[in-house]
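For reference, the structure discussed in these notes is given below.
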Amino acid sequence: MKNKNLIAVLPGDGIGPEVMKEALKVLNFVNNHYHLNIETKVSEVGGQAIDLYGEALPDKTLELCQKSKAILFGSVGGSKWDKLPPEKRPERASLLFLRKHFNLFANLRPCKVLKDLSPLKEERIQNGVDLMCVRELTGGLYFGEKGKKFNKHGEKGAFDTLNYFEKEVQRIATLAFKLARKRKKKVTSIDKANVLTSMVLWRETVKKVSKNFEDVSLEHIYVDNMSMQLMLNPSPYDVLLCPNSFGDILSDQCAGLSGSLGLLPSASLGENNFGLYEPAGGIAPDLVGKNKANPLAQIHSLSLLLRYSFENDKAASLIEKAIDKVLEKGIRTRDLFTSKTQTLVGTKEMGDEVVKEMEKLC
Ligand code: IPM
Ligand code: MN
């Protein structure tokens, strides 16, 4: 039985637990302020779960996810577990498993660029940059047939395959067009149709879907070119519709554009309101335990959870406004600190600042 007020909290490895703590502070605030009655239950995942239970996704964690309305996820992985066989490693055995198990085919990664945070020159972003990366999440290169092989000379090799079915492309494209309708009404579909057969199918299918959305403009662009355009002239773009692996790479590039991977949240959604919400950045091993990690991507992932799984735009917007305010005031964790006029803070203090701004905005 689903508990419609329950969030499964899976902090995981690396900086996951530290940034999660700050997101929970923020959740506590909105929970009290709006009387949301949200409950949270924490469980182990990733390397931490391997150490305790011998597997990255123990049954009790999966059961908790199953009965929850949404999952708030930290990050998983680390060099300690790198030597395990690929299918047992924290990333594949927990995160990728959860994406597939719950059919979370759509990964949304919003990226707004503030001028004084971006590494790009001001003239390249003066028209503003507001992107929504829509990444297909349960197909493509990540989930195709894979394995090891030997050629006739006995040389060792390995392979991964890139497959898409029309239906998989249709559903992610439909979601991208619907999102674009509420934004600047422009979809840029990313592929590599000049080389890859699966990408020819991708392009043809997106074209077909676009017939149902005549109010939204569509353009196709090769992934290599898109990568360059993001550096040269990112302003004209709105919704970027990406196959799984290209979306993985381009969304990190979007994070770079906005100044730090520590700012990029994500929402992984299926057919209903259930979703998994996680920062797009990883475990940041060099920052662990130092109160240096940026918690904003985790806090922003919480706001996406409230928006998409709890359909609570009010609470989500309050959090997002508070994040913007904190950044506007020049409060920065180390990843974003560039000038002495700014205030350098740690993970915990950044969480406190967001809560303070929320108090003021209420
Ligand atoms: C992401 C991450 C994951 C991915 C890793 C941790 C498996 O990089 O969410 O972008 O490659 O999808
Ligand atoms: Mn990634």
Side-chain angles (χ1 to χ4, degrees), residues 10-17 19-20 23 45-50 56-57 70-82 84-111 131-144 146 160 162 168 172 190 223 226-227 230 240-258 260-270 275-288 293-294 296-298 300-302 304-305 308 335:
L10 313 184
D13 307 316
I15 57 166
V19 292
M20 185 64 85
V45 74
Q48 178 203 28
I50 295 179
L57 191 70
I71 305 169
L72 189 60
F73 197 94
S75 52
V76 290
S79 54
K80 185 173 176 196
W81 306 282
D82 274 358
L84 290 172
E87 66 282 3
K88 291 241 155 54
R89 281 173 59 165
E91 294 88 337
R92 284 258 294 271
S94 62
L95 184 56
L96 265 58
F97 179 92
L98 286 169
R99 289 174 180 172
K100 194 72 175 175
H101 180 80
F102 289 108
N103 201 16
L104 306 172
F105 66 88
N107 184 232
L108 313 188
R109 299 187 164 180
C111 168
L131 305 167
M132 176 63 91
C133 196
V134 176
R135 169 184 176 195
E136 198 289 325
L137 203 61
T138 49
L141 196 54
Y142 274 53
F143 291 97
K146 51 183 91 240
D160 297 277
L162 172 49
E168 292 176 296
I172 191 74
I190 285 115
V223 59
M226 186 70 236
S227 168
L230 280 175
L240 306 180
L241 168 59
C242 310
N244 199 345
S245 49
F246 297 164
D248 177 44
I249 297 164
L250 291 180
S251 63
D252 268 34
Q253 203 176 340
C254 289
L257 256 184
S258 72
S260 166
L261 201 49
L263 285 178
L264 192 69
S266 88
S268 305
L269 308 171
L276 181 152
Y277 301 82
E278 53 163 336
I283 51 164
D286 47 324
L287 303 180
V288 180
N294 186 346
L296 293 180
Q298 186 78 58
H300 197 167
S301 299
L302 167 69
L304 298 181
L305 180 153
Y308 294 117
D335 52 328

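Counting convention: from 1, in listed order, for ligands and their atoms alike.
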### Summary
Within the 4.0 Å heavy-atom cut-off, what Arg89 brings close to ligand 1 is neither
### ligand 1-proximal atoms of Val76, by part, heavy-atom distance under 4.0 Å
neither
#### Entry: Polar proximity ligand 1 side, Glu91 side, N/O cut 3.5 Å exclusive
no
### Query
Please walk me through it: do Val19 and Asn294 pass side-chain contact (heavy atoms from CB on, under 4.5 Å)?
CA-CA 7 Å; Val19 292; Asn294 186 346; over 6 Å; no
### Query
Looking at Arg99 and Glu278, does any basic side-chain N land under 4.0 Å from a carboxylate oxygen?
yes
### Task
Take atom NZ of Lys146 as the centre, draw a 6.0 Å sphere, and report whether it contains more than 12 heavy atoms from other residues, nucleotides or ligands.
yes
### Task
Give me the one residue out of Pro85, Pro86, Pro90 that meets side-chain contact (heavy atoms from CB on, under 4.5 Å) with Lys88.
Pro85
### Query
Among Val45, Asp13, Leu10, which one satisfies side-chain contact (heavy atoms from CB on, under 4.5 Å) with Ser94?
Val45
### Task
Would you check if the Mn ion (ligand 2) lies under 2.8 Å from any N, O or S atom of Asp248?
yes
### Query
Within the side chain of Gln298, is there an N or O that forms a donor-acceptor pair under 3.5 Å with the backbone of Phe73?
yes
### Task
Taking the side chain as every heavy atom from C-beta outward, state whether Leu287 and Asp335 have any pair of such atoms under 4.5 Å apart.
no
Starting from [atom], find the nearest protein heavy-atom neighbour and note its residue, name and distance.
{"atom": "atom 3 (C) of ligand 1", "result": "Arg99 NH2, 4.0 Å"}
{"atom": "atom 8 (O) of ligand 1", "result": "Asp248 OD1, 3.4 Å"}
{"atom": "atom 11 (O) of ligand 1", "result": "Tyr142 OH, 2.5 Å"}

### Query
Can Leu96 be said to touch ligand 1, with heavy atoms closer than 4.0 Å?
yes
### Query
Among Arg109, Glu278, Arg92, which residue places a heavy atom closest to atom 9 (O) of ligand 1?
Arg109
